[in-house]
Amino acid sequence: MEDAFGHRISYLRVSVTDRCNERCRYCMPEEEQAWFPKEEVLNYEEMLRVLRVGASLGIQKVRVTGGEPLTRPGVAEFCAQIAQIPGIRQIGISTNGTLLSREEQGVTLAARLFQAGVRSMNVSLDSLDREAYRRTTSRDLLPKVLEGIEAALTAGFQNLRLNCVLMKQQTEREFVPLLKFAAERGLLLRFIELMPVSSREVLDEQNFLSTEIARRLIEQHTGPLTALPDFRTNGPAAYWQVPSTGQKIGFIGAMTNLHFCESCDKLRLTSDGKLRPCLGSYLEFDLRERLRQGCDDEELADFIRSVVARKPKEHDFRQNYQPNRRMIAIGG
Ligand code: SAM
Ligand code: SF4
């Protein structure tokens, strides 16, 4: 599938829940929000059907996300079923890592995900300082995350990626410990610019730290970094390297990189069954109603194609964007 601007769509991010066991400042608005009622959330069969039809249209990569995907029971079995869909070549998961080491009959959730065929894993980690981690996430779960990362490595995950959202006057203190932690375990560390996806207020001068400034601050510790224009993972991260050690560092500059959207290949399915052609746009299209009204696969395929046709050239984050949904209810 190709949209009007030449984006070739092969990647679907599926949010399996809007629920989470953490409360990250940048992801959830301050005020208490109600979760989606259970009946509004797609069941796994509905999601698998969308994935099957999507795969027949050229979707090859799937990322399971949320909210916190590992809070939804049966997520490993869901991943195993995704792996059975012809055409799906890669399954990834984005998690806060807090539940990866949880054991069921002596097997960790990380191991069950690996056995299910998940090969790409992103773990959010904003700080290695327990108190700072608690302030950002409102939960004292750093030890669990660290256990979870070890469980994932033991389970066989390679190229595990750590995602850190850049927050001014906060992340500056984390650069050295995070770089060291990632280097010691062979993890790929990425820094993400703050986006206005929970509320507009989170993205103000006081909080925003650009990838460019982050890189310069890191260079004060590592010496000049070398750009790696040809090194790519699945997304829009730009990678740099510490020449003396070879460590690679990713920078995801959604706000400041004007070319950010050029190679976008994604669609997003929210847990309440909306198909979104772009994270940073108000556009969303109701797939759940169609599914539940009994549309056939051809109608579903037409619907997916019509959403691709509406994919915008780029996100609206730079246009004083006021989010209509919290990040947690979209799926990062
Ligand atoms: N709960 C999982 C996790 O934390 O990784 C998956 C969902 S979370 C919404 C996916 C990613 O979005 C995380 O890496 C998180 O740090 C990022 N994220 C959330 N809010 C953000 C914001 N306002 N700006 C940039 N990234 C954000
Ligand atoms: Fe939960 Fe992930 Fe959002 Fe944090 S970033 S509140 S862990 S969904």
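Atoms within a ligand are numbered from 1 in the order they appear, just like the ligands themselves. Please read all numbers here as calculations on a predicted model, not as lab measurements.
With a 6.0 Å cutoff to the six-membered ring centre and a 45° limit on the axis angle, Arg72 counts as a cation-pi contact of Tyr44. Annotation: cation-pi geometry not satisfied between Arg190 and Phe251 (NZ/CZ under 6.0 angstrom from ring centroid, within 45° of ring axis).
Each of the atoms 1 (N), 2 (C) of ligand 1 lies under 4.0 Å from some heavy atom of Glu68. Residue-ligand proximity, Leu194 to ligand 1, at heavy-atom distances under 4.0 Å covers atoms 23 (N), 24 (N). In summary, the atoms of ligand 2 found under 4.0 Å from a heavy atom of Gly67, numbered by their order in the structure, are 8 (S). Atoms of ligand 1 lying under 4.0 Å from any heavy atom of Glu193, numbered from 1 in the order shown and given with element: 24 (N), 25 (C). Listed by atom number, the atoms of ligand 1 under 4.0 Å from Val165 heavy atoms are 16 (O), 26 (N), 27 (C). Taking a cut-off of under 4.0 Å to the non-hydrogen atoms of Asn96, the atoms of ligand 2 that pass are 7 (S). Taking a cut-off of under 4.0 Å to the non-hydrogen atoms of Asn163, the atoms of ligand 1 that pass are 14 (O).
A donor-acceptor pair under 3.5 Å is formed between the side chain of Glu193 and the backbone N or O of Met255.
Listed by first and then second residue, the ring pair (Phe, Tyr, Trp, His ring centres under 6.0 Å) pairs involving residues 47-77 amount to none (not counting sequence neighbours).
The distance criterion of under 3.5 Å between nitrogen or oxygen atoms is met by Thr95 with respect to ligand 1. An N or O contact shorter than 3.5 Å links Tyr26 to ligand 1 by distance. By the 3.5 Å distance cut-off applied to N or O atoms, Thr65 is not counted among the residues near ligand 1. Below 3.5 Å of separation, one finds no N or O of Ile192 facing any N or O of ligand 1.
Tested against Leu42, the residues Arg49, Arg288, Lys274 include a single side-chain contact (heavy atoms from CB on, under 4.5 Å) partner, Arg288. Among the candidates Gln60, Arg63, Lys61, the single residue satisfying the side chain to side chain donor-acceptor pair (under 3.5 Å) test with Tyr11 is Arg63. Checking each of Asp126, Asn122, Leu189, Leu125 against Asn163 for a side-chain contact (heavy atoms from CB on, under 4.5 Å) leaves exactly one that passes, namely Asn122.
With atom 4 (O) of ligand 1 as the reference point, the heavy atom nearest to it among Ser124, Ala254, Cys164 is part of Ser124. When the heavy-atom distances from atom 6 (C) of ligand 1 to Pro196, Gly97, Gly67, Cys20 are ranked, the shortest goes to Gly67.
Taking the side chain as every heavy atom from C-beta outward, Ile149 and Leu187 approach each other to under 4.5 Å.
Of all the heavy atoms of Glu22, none lies under 4.0 Å from any atom of ligand 1, so neither backbone nor side chain is involved.
Not a single heavy atom of Ser124 lies less than 4.0 angstrom from ligand 2.
Under a 4.0 Å N-O distance rule, the pair Arg112/Glu77 qualifies as a salt bridge.
Note on Cys24: not counted as a metal contact of atom 3 (Fe) of ligand 2, no N/O/S atom lying under 2.8 Å.
More than 12 heavy atoms of other residues, nucleotides or ligands sit less than 6.0 Å from atom CD of Glu184.
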